[in-house]
Amino acid sequence: MLRESGGEVSSRCARLVRVAGTIQGVGFRPFVYRLAQRHGLQGWVRNEGRGVVIHVEGDASAVDAFVEGLGGEAPPAARIASVRPESAAFDGTSGFHIRESDRGTKPTARISPDLAVCADCLNEMRDPDDGRHGYPYVNCTNCGPRYSIIRELPYDRPYTTMAAWTMCSDCTREYEDPHNRRFHAQPIACPVCGPAYRLRLPDDAAPQVRTAAIVEAAGLLREGRLLAVKGIGGYHIACDALNANAVARLRLRKFRKEKPFALMVPDIESADELVVLSATARSLLESPERPIVVAPARRAMPGIAPGIDELGVMLPYAPLHVLLFDAEAPAVLVMTSANRSSEPIAYDDADAFDRLSGIADAFLVGDRPIARRVDDSVVLDGVSGPTILRRSRGYAPGPVATLPAARPILAVGADLKNTVTLLVGGEAFMSQHIGDLDQYGSLTAFEETIDDLLRMYEVERADLLVVHDAHPQYASTRLALEMNATHLPVQHHEAHVASVLAERGAFGERVLGVALDGTGYGTDGAIWGGELFAGSLTDGFERVGHLRTARLPGGDAAARHPVQAAAGFLGELGDDVDFRREPFSFPDRFASAVRLLETDVRVFKTTSAGRLFDAVSALLGFTRPISYEAQAAIYLEQLAGRSSSDEVYPFPDLDYRPLLRAVIADRLIGRPKEDVARSFHLGLARGLAGTVIERCRQFDLEAIVLSGGVFQNRLLHRTFVHEVGDSYEVWTNRTVPCNDGGISLGQAAVAALRD
Ligand code: ZN
Ligand code: ZN
Ligand code: FE
């Protein structure tokens with residue numbers, strides 16, 4: 001519609017705009033309302049299954065500015081995937097309206113992850129004149145819990161864990177006012193109408209409530225007590241990180257000998273005092289996802305991270321955390337997930353009391369139930385930008401990739417660091433971190449998470465293609481096969497490589513894939529973990545190289561004993577060195593592993609890079625059993641980080657024998673362990689790069705993909721990228737972990753492209 005007036009051309013137009021992304025429950029519709037009003041436009045906005053639909057009409061330039069603003073000025077918690085305007089007929093609405101949700105379509109709308117409390121809410125919480133002064137459940141559409149309170153979709157209060165609380169008149173007024181920051185904020189609450197926190201001591205009949213509870217809890221922490229604290233996605237155990245007795249008691253009670261504890265500090269300045277923060281690490285720390293950020297330590301904290309020159313630090317993300325610090329809780333808190341050893345985190349109150357009564361001295365319990373467990377996420381500033389090691393709170397269940405799929409696919413991951421991925425409507429949704437499936441509690445969590453995802457996205461089991469690891473003995477494999485659906489096994493290391501390609505949407509690109517990890521079931525029944533593949537997602541992969549095969553006495557059980565792996569790898573040398581003597585001083589377990597090799601009973605073939613790291617760690621003094629996964633490899637990387645040697649050990653054609661001989665020779669002449677560890681890393685990286693480039697030339701490939709838990713080793717990763725140079729692109733995981741936490745995405749991708 002064109003109109004001439006005074007020589008100027010002005011026009012009116014109407015547009016229907018579809019916006020997709022994580023935009024429900026994050027204040028997006030009120031934002032659209034305000035934006036439309038600002039541009040003087042008429043129309044309406046409505047949630048629908050796949051996102052939000054907007055009808056606007058008015059001055060053409062104003063409509064353009066409006067569409068521009070949808071992506072550019074969206075609220076902080078919104079994650080926009082696409083804005084698609086199309087021309088529409090004028091419908092002559094007057095004013096702009098927020099219409100009721102359409103429940104007719106399938107709920108493929110993205111569920112928002114949980115978000116850290118925002119600055120506006122904190123200001124209110126700290127303002128003595130505000131109705132929410134000191135209130136630990138303050139939140140708004142820009143912040144607060146989502147995934148951890150949703151029982152089912154759509155995201156409306158009756159379907160959340162806030163259903164039991166009826167809004168007071170003040171809260172209702174805010175909830176219904178499109179100009180208010182709490183318009184349709186489902187968890188809205190205040191001290192008058194909402195849940196509260198209470199402090200429970202073991203034999204306390206009348207627990208402290210509200211502010212008194214928090215003040216007393218902070219006091220207990222100052223006294224060195226261990227406090228169970230209900231948070232967003234589960235319980236933490238908190239204690240004063242600078243109180244060595246408290247930390248020692250926590251290790252004892254939690255059965256956690258040496259695995260590092262995460263820390264929480266009140267603000268970024270305090271974080272700066274503990275760790276060296278790059279600009280990337282700083283922004284990760286302050287992001288609404290609020291993960292644990294691993295960074296170089298400024299000072300040694302031997303009780304917190306024994307033998308490691310790094311610390312995992314996070315900032316407060318629940319209003320309660322801020323209130324605890326404001327009540328003068330110790331300035332550095334251990335905040336570790338509340339469980340014993342590697343059990344799943346406790347999130348249900350009764351279960352928490354039951355399981356934690358021998359660990360915690362007191363419980364700080366909030367009334368609001370947690371719908372599902374969501375651990376803290378772990379990230380670091382990696383070789384090529386932010387790197388996620390554990391993807392959970394703040395990220396899950398956000399989509400991790402777009403994949404073509406003829407039917408819904410459920411990929412059940414691997415048995416360590418398990419996650420599952422549901423591919424539905426072309427989008428891959430990855431679950432939060434579930435953990436290691438080697439015990440009953442984790443298996444229950446695994447099954448609950450699958451039920452949860454299927455229910456939320458309304459997927460029938462019978463329609464599913466269920467993808468699992470090729471390992472016949474994995475618990476995840478067994479449970480997948482019990483599901484009444486079609487099944488597809490995917491080899492572990494192909495899944496690692498596929499996870500990188502899936503993230504990038506690189507379906508047809510032919511690449512040279514490198515998968516280095518501790519263990520995975522090979523197509524020949526051997527324990528793989530040092531694999532090269534050529535191929536693509538659409539054509540499939542061919543194994544085109546691997547670490548020279550060694551024998552591994554005891555198989556996967558050897559992963560706990562570095563000297564057992566050493567026996568296998570050193571046996572291939574056939575050299576006459578007595579490793580029971582100085583400087584190696586291997587314990588008896590080595591000798592029994594050697595005997596096992598001689599009898600050839602329970603001896604497996606392996607190409608595992610992780611076990612090679614273990615063998616070298618043993619040669620450099622790590623001769624005891626490990627107390628957490630990858631501990632020996634971490635020991636080796638830490639040693640190397642303390643050296644600046646540029647000597648490089650030889651590693652031709654992925655043959656580790658020259659590499660090991662160099663390590664042994666230098667140990668025998670008393671070369672510092674740190675230098676030996678560094679030369680091992682440099683040698684491994686250079687040798688690997690040489691072989692990879694050779695295969696790239698042979699198969700005419702220009703992109704290299706790196707995945708597998710070994711690439712969490714930054715020295716190896718960085719040196720490899722440097723050695724490869726500019727002639728090749730090097731791709732690695734960005735959205736999902738390169739460790740087994742990323743396997744389920746890779747499985748889903750392989751299945752989607754071959755189904
Ligand atoms: Zn807020
Ligand atoms: Zn209220
Ligand atoms: Fe793996």
Side-chain angles (χ1 to χ4, degrees), residues 25-27 75-77 112 114-126 130-132 135-146 157 162 165-176 180-183 185-196 288 290 317-319 322 413-419 436 469-471 474 476 490-500 513-522 527-531 556 559 607-611 629-630 633 706-712 733 736-747:
V26 292
S112 171
D114 300 304
L115 301 163
V117 59
C118 76
D120 290 335
C121 285
L122 281 185
N123 285 337
E124 291 169 350
M125 192 184 76
R126 283 169 159 162
D130 192 279
R132 292 190 179 84
Y135 187 55
Y137 285 110
V138 63
N139 67 81
C140 71
T141 47
N142 298 328
C143 77
R146 297 287 186 280
R157 188 169 173 112
M162 283 298 293
W165 288 273
T166 308
M167 285 179 228
C168 68
S169 56
D170 286 345
C171 284
T172 307
R173 198 161 19 77
E174 290 177 293
Y175 184 87
E176 289 175 350
N180 193 285
R181 209 173 82 247
R182 297 200 170 88
F183 176 72
Q186 305 305 342
I188 188 173
C190 77
V192 173
C193 65
R290 262 337 122 81
Y317 54 86
V322 179
D415 270 16
L416 288 179
K417 297 182 168 64
N418 181 271
T419 62
D436 299 347
D469 196 279
H471 200 313
Y474 265 178
S476 52
V490 172
Q491 201 278 325
H492 187 93
H493 303 95
E494 289 187 37
H496 270 307
V497 171
S499 72
V500 176
V514 184
L516 301 189
D517 68 359
T519 182
Y521 186 82
I527 299 170
W528 288 10
E531 314 306 316
D556 281 342
T607 53
S608 162
R611 295 298 82 80
E629 202 220 336
L706 306 181
S707 192
V710 169
F711 285 107
Q712 285 176 211
N733 292 104
V736 304
C738 69
N739 59 47
D740 284 3
I743 284 285
S744 63
L745 173 62
Q747 293 173 338

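Basis for what follows: all heavy atoms, side chains included, without hydrogens, waters or symmetry-related copies. We count ligands from 1, going down the list as the structure has it; atoms in each ligand are counted the same way.
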Sidechain-backbone polar pair: N418 side chain, D436 backbone, donor-acceptor under 3.5 Å: no
To 10 degrees, how wide is the angle SG (C140) to the Zn ion (ligand 1) to SG (C118)? 110°
N733 versus S499, side-chain donor and acceptor atoms under 3.5 Å: yes
Where do H493 and G529 come nearest, in terms of heavy atoms and distance? NE2-CA, 3.5 Å
Sub-4.5 Å side-chain heavy-atom contact between L122 and V322: yes
Would you say P195 and W165 make side-chain contact, with heavy atoms under 4.5 Å? yes
Could you grab the protein N, O or S atoms closer than 2.8 Å to the Zn ion (ligand 2) for me? C168 SG, C171 SG, C190 SG, C193 SG
Ignoring hydrogens and geometry, is there a side-chain-to-backbone donor-acceptor pair from R132 to A189 under 3.5 Å? yes
Would you find a donor on one side and an acceptor on the other, under 3.5 Å apart, between the side chain of N139 and the backbone of P187? yes
Specify whether H492 and Y474 have parallel, tilted or perpendicular ring planes, treating 30° as the upper limit for parallel and 60° as the lower limit for perpendicular. perpendicular
Determine whether V26 and R146 make a side-chain contact, defined as any pair of heavy atoms from C-beta on separated by less than 4.5 Å. yes
Do H496 and E531 come close enough that some side-chain heavy atom pair is under 4.5 Å? no
What protein N/O/S atoms are there under 2.8 Å from the Fe ion (ligand 3), waters excluded? H492 NE2, H496 NE2, D517 OD2, D740 OD1
